[in-house]
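Bear in mind the structure is a predicted one, so any value in this text is a computation, not a measurement. Here, residue 1 is the first one in the sequence, and each next residue gets the next number.
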Amino acid sequence: MEEQKENIHTKDLNVQMSKAKEDEKEKAGTKKSPDGESDPPESPSQPNGDFSHPVYKEIALANGHINRMSKRELQVKLAELKLDTRGVKDVMKKRLKSHYRKQKLMTSAAEGGPTDTYYDYICVVDFEATCEEDNPSDFLHEIIEFPMVLINTHTLQIVDSFQSYVKPELNPKLSDFCVTLTGITQKMVDEADPFPDVLQRVVTWLQERDLGTKHKYAILTDGSWDMSKFLNIQCRVSRIRYPQFAKKWINIRKSYGNFYKLPRSQTKLSTMLEKLGMKYEGRPHCGLDDSRNIARIAVRMLQDGCQLRVNERMHAGQLLSVPSSAPVEGAPPPHNPGSRN
């Protein structure tokens with residue numbers, strides 16, 4: 001649903017980006033890391049973002065050496081370390097830097113120094129919603145597929161998934177364009193449950209995996225639309241409150257662009273895969289397949305040493321950025337939201 005997400009009109013959604021103000025706060029609270037980038041964010045053992053520990057000098061020296069390597073030298077070194085040799089030069093440099101960083105921080109952690117972990121699990125969500133070929137400005141998108149893919153950040157494996165189709169309420173008849181785009185048929189949605197019932201099953205699925213209680217977790221999306229627009233609209237249509245566990249999330253496009261130093265134009269799903277030397281697996285615009293491919297990107301980024309962390313949130317109906325200086329928090333235990341008054 002990538003193209004549809006890009007073309008959504010937002011003037012009637014009461015979802016406003018206060019990004020400029022948040023970005024100013026983020027810049028003010030950002031510290032330079034040993035390789036001259038504005039990451040990494042602070043880790044739990046490093047509450048003040050202090051890079052004075054000797055391990056960071058070692059990381060900076062390794063980064064300087066990697067910066068001077070040719071593409072061929074990078075491939076040879078990555079192969080030597082049994083790391084992935086695919087991707088453009090900047091991606092390979094980042095992968096090698098992150099490998100050395102991870103190794104040095106692991107050694108440092110064993111000695112009581114800085115560590116490099118945030119969440120136990122990351123839950124990828126990529127909704128499919130009702131759409132027209134040319135959506136009118138007042139068109140209300142309703143969720144028709146609710147998929148989730150669970151990543152174990154310790155094993156770096158996709159370990160579980162959830163999928164349910166959803167019966168739309170305002171526009172129960174799918175457009176031919178929507179059916180062709182998503183592969184979701186009229187029969188699938190006619191036989192599906194309404195959104196509140198599906199959301200209850202999602203909550204139960206998350207609870208059964210001890211997310212937010214025994215295990216720290218975060219939601220991850222491909223862009224801001226899934227939570228700030230699709231879920232926000234759907235909760236209004238279904239007359240239920242916005243679920244607390246979905247109020248903060250990782251926008252992987254932001255994380256990908258910041259980590260690999262690529263412009264926003266190169267953070268579409270297909271382009272992210274291509275830059276990493278990967279190919280899309282499954283059917284494009286199938287919510288579950290999209291979620292699995294987004295999860296593959298997230299796993300690769302974690303393997304490359306990216307510290308995926310929450311970077312967007314909803315507050316009072318507004319989409320806001322979360323600065324890297326903010327404390328790292330997992331999503332709260334999932335509960336079914338109450339009805340709107």
Side-chain angles (χ1 to χ4, degrees), residues 1-2 5 118-129 142-167 181-185 187-189 191-223 225-227 230-231 234 243 245-246 248-253 255-256 269-270 272-273 276 278-303 306 308 310 330-336:
M1 185 122 214
E2 193 169 24
K5 289 177 179 177
Y118 288 142
Y119 312 107
D120 299 311
Y121 290 91
I122 290 175
C123 193
V124 180
V125 178
D126 194 77
F127 298 124
E128 295 302 320
E142 295 176 84
I143 293 172
I144 55 174
E145 183 185 358
F146 199 140
M148 301 188 99
V149 171
L150 194 62
I151 301 168
N152 182 320
T153 63
H154 301 291
T155 64
L156 299 181
Q157 297 289 324
I158 295 172
V159 293
D160 212 342
S161 63
F162 171 93
Q163 181 192 38
S164 179
Y165 296 110
V166 184
K167 180 183 290 185
L181 179 72
T182 65
I184 298 172
T185 66
K187 185 172 185 287
M188 289 175 179
V189 295
E191 295 176 352
D193 290 326
F195 183 79
D197 294 345
V198 173
L199 181 59
Q200 177 59 68
R201 296 214 309 274
V202 168
V203 167
T204 300
W205 187 83
L206 294 169
Q207 290 172 338
E208 288 173 348
R209 283 144 189 83
D210 297 317
L211 300 180
T213 51
K214 184 178 177 181
H215 304 299
K216 192 173 181 179
Y217 78 110
I219 302 294
L220 182 148
T221 63
D222 176 30
W225 314 275
D226 292 276
M227 299 301 162
F230 293 156
L231 185 58
Q234 185 63 61
F245 71 86
K248 295 181 180 179
W249 62 90
I250 301 164
N251 178 343
I252 197 170
R253 294 194 180 202
S255 301
Y256 183 95
L269 177 55
S270 57
M272 288 192 286
L273 287 166
L276 292 173
M278 303 164 71
K279 292 183 178 180
Y280 187 96
E281 295 179 356
R283 185 196 191 283
H285 307 297
C286 162
L288 184 59
D289 286 347
D290 282 353
S291 297
R292 284 175 175 151
N293 282 279
I294 295 162
R296 291 172 61 218
I297 293 169
V299 168
R300 176 61 58 79
M301 291 176 69
L302 291 168
Q303 290 171 337
C306 179
L308 290 171
V310 164
H335 294 292
N336 208 40

Gap separating the CG atom of L156 from the CE atom of M301, nearest 0.5 angstrom: 13.0 Å

Distance-only polar pair, side chains of Q163 and E145, donor-acceptor under 3.5 Å: yes

Q207 vs P333 side-chain heavy atoms within contact, under 4.5 Å: no

Atom of V310, atom of I250 and distance for their closest heavy-atom approach: N-CG1, 3.6 Å

Sole candidate of N336, V203, L231 that passes side-chain contact (heavy atoms from CB on, under 4.5 Å) when paired with P243: L231

Contact check, side chains of Y217 and Y119, non-hydrogen atoms, under 4.5 Å: no

For the student: nearest non-hydrogen atoms of F245 and L206, plus distance: CE1-CD1, 3.8 Å

Sole candidate of L273, V125, I151, V124 that passes side-chain contact (heavy atoms from CB on, under 4.5 Å) when paired with I294: V124

pair D222-R253: side-chain heavy atoms closer than 4.5 Å: yes

Side chains of R292 and E281 in contact at under 4.5 Å (non-hydrogen atoms): no

Which atom of L220 lies closest to which atom of A298, heavy atoms considered: CD1-CB, 4.2 Å

Any M148 side-chain heavy atom under 4.5 Å of L288 side chain: no

Spacing of CZ belonging to F127 relative to OG1 belonging to T221, to within rounding of 0.5 Å: 9.0 Å

L150 and its side-chain contact (heavy atoms from CB on, under 4.5 Å) partner, picked from I122, I158, L211: L211

Expected output: side-chain N152 to main-chain T155 donor-acceptor under 3.5 Å: yes

Heavy-atom side-chain proximity of H154 to D120 below 4.5 angstrom: yes

4.5 Å side-chain heavy-atom contact, D226 and D126: yes

From CA spacing to verdict: side chain to side chain contact (heavy atoms under 4.5 Å, CB included), F195, F146: CA-CA 9 Å; F195 183 79; F146 199 140; 3.8 Å; yes

Distance-minimising heavy-atom pair for W205 and C123: CZ3-SG, 4.2 Å

Euclidean distance, M272 CE relative to Y256 OH, rounded to 0.5 Å: 7.0 Å

Distance (rounded to the nearest 0.5 Å) between S255 OG and L302 CG: 10.0 Å

R201/D193 under salt bridge (Lys or Arg N to Asp or Glu O under 4.0 Å): CA gap, chis, key distance, verdict: CA-CA 10 Å; R201 296 214 309 274; D193 290 326; 2.8 Å; yes

Considering all heavy atoms, the nearest M227-A246 contact: SD-CB, 3.9 Å

Side-chain heavy atoms of F162 within contact of V202, under 4.5 Å: yes

Plane angle bin for H215 and Y121 - parallel if under 30°, tilted between 30 and 60°, otherwise perpendicular: perpendicular

Euclidean distance, M278 CE relative to N293 CG, rounded to 0.5 Å: 7.5 Å

Evaluation steps, side chain to side chain contact (heavy atoms under 4.5 Å, CB included), between Y280 and D289: CA-CA 9 Å; Y280 187 96; D289 286 347; 3.5 Å; yes

Donor + acceptor pair across side chains of D290, H285 (<3.5 Å): no

Worked verdict on E128 versus I143 for side chain to side chain contact (heavy atoms under 4.5 Å, CB included): CA-CA 6 Å; E128 295 302 320; I143 293 172; over 6 Å; no

Residue pair E142, V166: steps toward the side chain to side chain contact (heavy atoms under 4.5 Å, CB included) verdict: CA-CA 9 Å; E142 295 176 84; V166 184; over 6 Å; no

Side-chain donor/acceptor of R296 to backbone N/O of S291, under 3.5 Å: no

